[in-house]
Amino acid sequence: MKRGVYFCAENSLQRVYGDSERKEIAKRFDMAEPLVTRENWREHTSILAEAEVIVSSWGGAILDEELLAAMPKVEMYFYGAGTIQGLMTEAAWDRGIRITNAVAANAVPVAEFCLAQILYSLKHGWKYMQLTKEDNPQFWGCNKPVPGNYRSKVGIVSFGQIARKLCEFLQPFDLQVLVYTGHPDDRLADEYGIKYASMEEIFASCDVVSIHLPLKESTTGIIDRALLDRMKPESTLINTARGAVMNQAEMIEFLRERKDVTACIDVTDPEPPETGCPLFDLPNVVLTPHLAGSMGPEARRMAAYIIDEMDRWLAGEPLHHEISREAVAFIA
């Protein structure tokens, strides 16, 4: 049985790998104790020296040359969370260490959250929730001018795992789904029932625009005033990606001026927003505290995906979620 080590932030271990999940992992690997963290790993070099497998989550091992020197036997990195950015180094790739993650598992609750926001926003639910509190009789009845959930247009900006899961969830609904991606693939368009479009077309024509861009140098601030100014009257903007893909200052000014547009903002830059940030007070902003990702028991789904990957690795089968050196440049 191969020797393993849990290496992650202390609050991540129980959140992702509960008692039942750790029992399952113990059937597959001889797991050392105690938990190793970024702060204490130098106190546990004897454990690390024998570890062949890293089982991890948020706050995972950063495989720089110093840590690699302490882990001469490590072969496989099971990362029970999303992005692996910053964890693998050139030295780790050169050593032939493999890594898989649970981003596909974390995509599920984000896509569910976005689906709920999209369907609710197409009924202008947030807007009418506010207006109804004004106790004005004109807001009652069935003649409100809303896009509704029949043949309205939904725009998806970027087409990674979360966006694809969202498009899958949207398929049973009578909606037109437009997707922006730098890598259009006709096969995927047919599979998901989508149409590719430019960002400009999406912002100009869609009733709801949902942002799913990875945060990179090239995407920082890419959603700017020029794009926002194209938004349809009474449309909705949703961001569950990263706050910094928005030019936040320009977004705030836009939302001040375009009170007809509703923004459902789950991520900000910085996070949380600074005290006094207008996002707290603008009436057309629905602000949530980075809620879309795995919360509570949802995080255990990531452990389930990782355990499945362990079984494939032990059987010598291809991994479903392995990240290659070449793929890192194209993922969040």
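By the 30° and 60° cut-offs, the orientation of the rings of Phe29 relative to Trp313 is tilted. Note: Tyr6 and Tyr17 have tilted aromatic rings, judged against thresholds of 30 and 60 degrees for the angle between ring planes.
Using a 4.0 Å cut-off between charged nitrogen and carboxylate oxygen, Arg151 and Asp174 do not count as a salt-bridge pair.
Side-chain atoms of Asp64 and Thr89 form no donor-acceptor pair, as typed in the model, at a separation below 3.5 Å. No donor-acceptor contact under 3.5 angstrom links the side chains of Thr240 and Asp266, judged on distance only.
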- Query: So Glu90 and Arg325, salt bridge (Lys or Arg N to Asp or Glu O under 4.0 Å) or not? Walk me through it.
  - Reply: CA-CA 9 Å; Glu90 292 301 313; Arg325 187 179 204 163; 2.5 Å; yes
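Within a 6.0 Å sphere centred on CD of Glu33, other residues, nucleotides and ligands contribute 12 heavy atoms or fewer. Within 6.0 Å of CZ in Arg164 there are more than 12 heavy atoms belonging to other residues, nucleotides or ligands. Under a cut-off of 6.0 angstrom, the local environment of CD in Gln171 is crowded, with over 12 non-hydrogen atoms contributed by other residues, nucleotides or ligands.
Taking CD from Glu52 and CE from Met1, the interatomic distance works out to 11.5 Å, rounded to the nearest 0.5 Å.
Of the possible donor and acceptor atoms, one in the side chain of Asn284 sits under 3.5 Å from a partner among the backbone N and O of Leu255. Formation of a donor-acceptor pair under 3.5 Å by the Asn239 side chain with backbone atoms of Ile265 is not found in this model.
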